[in-house]
Amino acid sequence: MQLRLQSLTTPSSPRPPTLLSLLTLLLATLTQVRAHGHVNHTRINGQVYDGFNVDYPERPTIFRSITTDHPVRDLTSKDMACGVGGGEPAPLSAEVAPGDTISVDWGFWPGSHLGPVTAYLAKCPESCTDYVPEPEDKVWFKIAEKGKATNGTYYNIWASHHITNHNPFTIPLPRNLAAGNYILRHEIISLATAKTYPGIEVQPSCFQLTVGGAGRGVPRESDLVSFPGAYGPGSEGVTWNVWDASEQGIRSVYPVPGPGVAVLVDGE
């Protein structure tokens, strides 16, 4: 990337740019173009599990594979499930109980990439280490979401703000969740360039859990969705101008894409 000094001066401002101004411009540019990332690690019951590292794919982990940390921009792609080029089963699963809280740390996330954060579960028929849902399979149900705060004072505060600078996002598991093996799908949605479609950037990450206990909670059939398919180019919240300062923009209520959080019912 080259910075052309002549583009930074005008006839009314003939002085050359200072080193500080150049560094500020460079930092702003890098922040705008870096729209990718991956989970650094997750903490479950005091145990830390490293995220999948594309540079060291042979390291055993609970995280399903990806081939790059670039975001998904095509909402009809099979990459919507677990990330670009990924989704292959992991060799390990983390043991949890209904009601446990899972902490997910993304490491670095650009503060300018505003958007919601969600979490879904999919129950594996048996072991998750040899199960990959088909794109058309409606097996995913949402267990958590956070969008935009509108508290009357600060209107443009998003769930992504909390993740910036190594702040973890916490995901509470349903207290009545049925025992079994699950894939947890966690995603950040960046709306920084989502004024029109395509512009939205989805960053999904999947890892495997083994849920113990005696819970019997299962999702209703109407709460189950597929990836791709849970939301698409025409869904609410897919196009959104996070920089619009009008009453319809920053001050308005944002509809998080996808279904609502599932209410689990007593299963057999």
Side-chain angles (χ1 to χ4, degrees), residues 38-54 56-67 72 77-105 118-144 170-187 203-221 223-230 258-259 261-262 264-268:
H38 64 276
V39 172
N40 182 281
H41 66 269
T42 184
R43 186 182 297 273
I44 304 173
N45 293 326
Q47 179 75 35
V48 175
Y49 300 90
D50 289 335
F52 186 86
N53 191 322
V54 295
Y56 302 97
E58 70 282 357
R59 290 181 178 175
T61 177
I62 66 172
F63 282 81
R64 297 205 153 197
S65 66
I66 53 175
T67 57
V72 181
S77 167
K78 66 179 182 179
D79 292 335
M80 282 290 291
C82 290
V84 176
E88 290 300 313
L92 305 176
S93 293
E95 294 186 359
V96 296
D100 280 352
T101 296
I102 296 172
S103 175
V104 182
D105 191 324
T118 72
Y120 293 77
L121 285 174
K123 191 172 186 180
C124 303
E126 295 181 3
S127 171
C128 288
T129 58
D130 57 5
Y131 172 62
V132 178
E134 295 295 333
E136 65 274 12
D137 290 347
K138 291 187 176 182
V139 295
W140 302 93
F141 57 99
K142 186 183 283 185
I143 61 168
T170 56
I171 304 169
L173 294 177
R175 293 187 177 278
N176 62 335
L177 182 64
N181 296 304
Y182 291 84
I183 306 168
L184 192 151
R185 177 188 182 273
H186 173 51
E187 72 177 355
Q203 200 84 56
S205 180
C206 294
F207 53 94
Q208 297 168 187
L209 304 173
T210 296
V211 179
R216 295 167 55 90
V218 297
R220 298 170 299 183
E221 186 174 353
D223 288 324
L224 295 173
V225 296
S226 63
F227 280 104
V261 173
L264 304 190
V265 298
D266 193 34
E268 296 182 359

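Below, all heavy atoms of this structure are taken into account, side chains as well, without hydrogens, waters or symmetry copies.
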Open item on the list: Lys142: which residues meet the salt bridge (Lys or Arg N to Asp or Glu O under 4.0 Å) condition with it, sequence neighbours left out?
Closed with: Glu145

- [ ] Decide yes or no for Val218 and Val265: does some side-chain heavy atom of the first lie under 4.5 Å from some side-chain heavy atom of the second?
- [x] yes

TODO: For Asn45, check side chain to side chain donor-acceptor pair (under 3.5 Å) against everything at least two apart and list the hits.
DONE: Asp100

- [ ] Would you indicate whether the side-chain heavy atoms of Arg64 and Cys128 approach each other to under 4.5 Å?
- [x] yes

Task: Phe63 to Gly51 - nearest heavy-atom pair and separation - done: CD1-CA, 3.6 Å

Open item on the list: In the structure I gave you, are the side-chain heavy atoms of Val139 and Ser226 within less than 4.5 Å of one another anywhere?
Closed with: no

Task: Heavy-atom closest contact (Phe52 atom, Ile66 atom, distance) - done: CE2-O, 3.2 Å

Task: Interatomic spacing from CD1 in Ile62 to CZ in Phe207 - rounded to 0.5 Å - done: 5.5 Å

- [ ] Indicate the atoms forming the closest heavy-atom contact of Pro98 with Gly213, along with that distance.
- [x] CD-CA, 4.4 Å

Distance-only criterion, 3.5 Å: show the donor-acceptor pairs between side-chain atoms of residues 170-185 and protein atoms not counting sequence neighbours.
| from | atom 1 | to | atom 2 | distance (Å) |
| --- | --- | --- | --- | --- |
| Asn181 | OD1 | Thr210 | OG1 | 2.8 |
| Asn181 | ND2 | Glu126 | O | 2.9 |
| Tyr182 | OH | Ala178 | O | 2.8 |
| Arg185 | NE | Met80 | O | 3.0 |
| Arg185 | NE | Ala81 | O | 2.9 |
| Arg185 | NH1 | Glu187 | OE1 | 3.0 |
| Arg185 | NH2 | Met80 | O | 2.8 |
| Arg185 | NH2 | Glu187 | OE1 | 2.7 |

Open item on the list: For Ser205 versus Val39, what's the shortest heavy-atom pair and its separation?
Closed with: OG-CG2, 3.5 Å

Task: Student check: side-chain heavy atoms of Phe227 and Pro204 closer than 4.5 Å - done: no

Open item on the list: When you measure from the side chain of Gln208 to the backbone of Leu92, do you find a donor-acceptor pair of N or O atoms at a distance under 3.5 Å?
Closed with: yes

Task: Rounded distance [0.5 Å steps], CD1 in Ile44 versus CD1 in Ile102 - done: 4.5 Å

Task: Which atom of Asp79 lies closest to which atom of Val84, heavy atoms considered - done: CG-CA, 3.6 Å

Task: Approximate separation, where rounding is to 0.5 Å, of Gln47 CD and His41 NE2 - done: 11.5 Å

Task: Distance (rounded to the nearest 0.5 Å) between Trp140 CH2 and Leu224 CG - done: 11.5 Å

Open item on the list: For the backbone of Val48 and the side chain of Arg43, can you confirm whether one donor and one acceptor N or O come within less than 3.5 Å of each other?
Closed with: no

Open item on the list: Measuring from atom CD of Glu221 to atom CG of Asp223, what distance do you get when rounded to the nearest 0.5 angstrom?
Closed with: 10.5 Å

Open item on the list: With a 3.5 Å distance limit and no angle check, can you tell me whether Thr61 reaches the backbone of Asp50 through a side-chain donor-acceptor pair?
Closed with: yes

Task: Nearest heavy-atom neighbours spanning Val225 and Pro259 - done: CG1-CG, 3.8 Å

